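What follows is a single structure, written as structure tokens, with notes after it.
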Number of protein chains: 2
Amino acid sequence: MFANLQTEIADRYGIHFNDVALLEEALTQANYINEHPNYTGHDYQRLEFLGDAVMQQSTAVYLFKRYPDWDEGRLTELRIMMVQTRSFAALSRELHLDKYVQLGRGEELSGARMRDSLLEDLWEAFIGALYLDQGQQAVMDFLEQTLFAKVDSGFFQQFVDYKSKLQEFLQKNGAVKIVYETLDEVAEENNTQIFTASVSLNGDELARGTGHSIKEAEKAAARIAFEALQK
Amino acid sequence: MFANLQTEIADRYGIHFNDVALLEEALTQANYINEHPNYTGHDYQRLEFLGDAVMQQSTAVYLFKRYPDWDEGRLTELRIMMVQTRSFAALSRELHLDKYVQLGRGEELSGARMRDSLLEDLWEAFIGALYLDQGQQAVMDFLEQTLFAKVDSGFFQQFVDYKSKLQEFLQKNGAVKIVYETLDEVAEENNTQIFTASVSLNGDELARGTGHSIKEAEKAAARIAFEALQK
């Protein structure tokens, strides 16, 4: 089974993982071992301990070099978004770690395979295994293809609370009136809808945004307004 | 001034720091720059952001390899002690970073030069600078001579709350009566005293310890009792 993952990683990322036993350890949950008394391997927790720290440094080094003009507050803010549960869970799914993990029966029945907190652990354990098998530079190269690529694709914008950021920014010099309004709702062919929302400051429209829900449309409007105000 | 630090580091640790400007950045506080409008350098905060993460990974990698039989709970416990404020402040003082830091006047007057929280920042910033100047392996080699050497010397035992650990251990199976008693107090020549304390469980003495205060003697007794019970 883990030889399949090894092949998949080679095909998709050009990484030739040497030690399949390390891959297996990264994807084996403690209760699976408890339920298989003859199983001789280890669970993923030590690798998770290692991978958590490797992710912290790798991300910090990347951001430090990528954004030479950012202060530490801005660097920290983006780092927190990059190394959070939802981010690592999304990366785990892209790597199909949710398909490969060996779970205990109780975890399987309770749906752990789909749970972000487990998938976060698996990502960290996988990175720990990759670090041991291939070293620091290979981890950085792999992250360039996965996590770091998401910085440019705007993936982390979904985690930013732009409505709060806009409010903080506008209230810096005292009370203001910020109003969100839904302007339009268009039905699409595939049974979804597109909403358009505006955000206004003391009665003057700042920006409009669209999304598949009112909440998304308002968030898009807040983001556009916030970014325009930063220029 | 920073050339002196460069020489000191070469003499004491065999590290030939190339970029003195990086050393200076690691040891320059933001308010110093505010008060010197013609100063062209940066403050240490970006390097601190980087060094914090480098310390996390370096320590995790060291512990992972050093203790192949420890579970992640034990690894995490020791890591937390190693990367805490008091630990980094002690390392900063050994490196004389408190002598070299360029502070703002307000910080100088308020005694920041002796404050653990500032010294922690300086240690992280110095490690960030060392990482940029010399790379990961040089950081590991330097930590072997400083932080990691303290693991073997028992330095981190002072941070362990052995009285709490002993209590938790003894109370696992229900209520018990733990009593500390000061047995002896001997005056030494250099105007200090040596105390001896015992710890007993339900009236039976478990261990005795000594120290320069009653608190230290009790802590030593708790540590000796706790370690004996682990065997």
Side-chain angles (χ1 to χ4, degrees), chain A residues 21-22 25-26 28-30 33-34 42-80 82-83 121-122 124-125 127-140 143 147, chain B residues 21-22 25-26 28-30 33-34 42-80 82-83 121-122 124-125 127-140 143 147:
Chain A
L22 266 178
E25 181 172 332
T28 300
Q29 199 254 345
I33 295 178
N34 295 339
H42 300 283
D43 70 50
Y44 63 65
Q45 293 180 89
R46 274 176 51 91
L47 289 174
E48 178 200 348
F49 166 84
L50 181 66
D52 168 53
V54 171
M55 285 307 303
Q56 293 288 344
Q57 174 175 322
S58 303
T59 307
V61 168
Y62 165 77
L63 290 173
F64 184 93
K65 294 188 171 171
R66 168 80 190 269
Y67 300 109
D69 299 327
W70 283 18
D71 67 25
E72 71 294 345
R74 219 169 149 192
L75 294 171
T76 300
E77 193 177 13
L78 182 49
R79 185 176 64 156
I80 287 170
M82 291 172 74
V83 301
D121 293 348
L122 297 183
E124 292 174 343
I127 291 295
L130 183 61
Y131 175 84
L132 291 177
D133 195 76
Q134 303 276 318
Q136 183 83 56
Q137 191 52 52
V139 170
M140 291 302 278
L143 292 176
L147 177 64
Chain B
L22 266 177
E25 181 172 332
T28 301
Q29 198 253 346
I33 295 178
N34 295 338
H42 299 283
D43 70 50
Y44 63 63
Q45 292 181 90
R46 274 176 51 91
L47 288 173
E48 179 200 349
F49 165 85
L50 181 65
D52 168 55
V54 172
M55 285 306 304
Q56 292 288 344
Q57 174 176 321
S58 302
T59 307
V61 168
Y62 165 77
L63 290 173
F64 184 93
K65 294 189 172 171
R66 169 78 189 271
Y67 299 109
D69 300 327
W70 283 18
D71 67 24
E72 72 294 345
R74 219 168 151 194
L75 294 171
T76 301
E77 193 177 14
L78 182 48
R79 185 175 65 155
I80 288 170
M82 292 172 73
V83 302
D121 294 348
L122 296 183
E124 292 173 343
I127 292 295
L130 182 61
Y131 175 85
L132 291 177
D133 195 76
Q134 303 276 318
Q136 183 84 55
Q137 191 52 52
V139 170
M140 292 302 279
L143 292 176
L147 177 64

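Numbered from 1 within each chain, the chains take letters A, B, ... in sequence-line order. Atom set for the values below is all heavy atoms of this structure, side chains included, hydrogens, waters and symmetry mates excluded. Source: prediction; values computed, not measured.
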Inset, instruction - Report the residues that fulfil side chain to side chain contact (heavy atoms under 4.5 Å, CB included) with B:Glu25, sequence neighbours left out, ordered by chain and then residue number. - result: B:His42, B:Leu47
Inset, instruction - If a pair satisfies ring-ring contact (aromatic ring centres under 6.0 Å, His included) and one of its residues is in residues 51-76 of chain A, list it, with sequence neighbours excluded. - result: A:Tyr62-A:Phe148, A:Tyr67-A:Trp70
Legend entry - Positions in residues 48-57 of chain B that reach chain A, provided some heavy atom is under 4.5 Å away: B:Phe49, B:Leu50, B:Asp52, B:Ala53, B:Val54, B:Gln56, B:Gln57
Legend entry - Heavy-atom pairs under 4.5 Å with chain B, option from A:Thr59, A:Leu63, A:Leu132 with the top count: A:Leu132
Legend entry - Options B:Gly73, B:Gly128, B:Pro68, ranked by heavy-atom pairs under 4.5 Å with chain A, top entry: B:Pro68
Legend entry - Shortest non-hydrogen contact between A:Leu75 and B:Arg46, atoms and distance: CD1-NH1, 3.5 Å
Inset, instruction - Could you pull out all residues at least two apart from A:Ala30 that satisfy side chain to side chain contact (heavy atoms under 4.5 Å, CB included)? - result: A:Asp43, A:Gln45
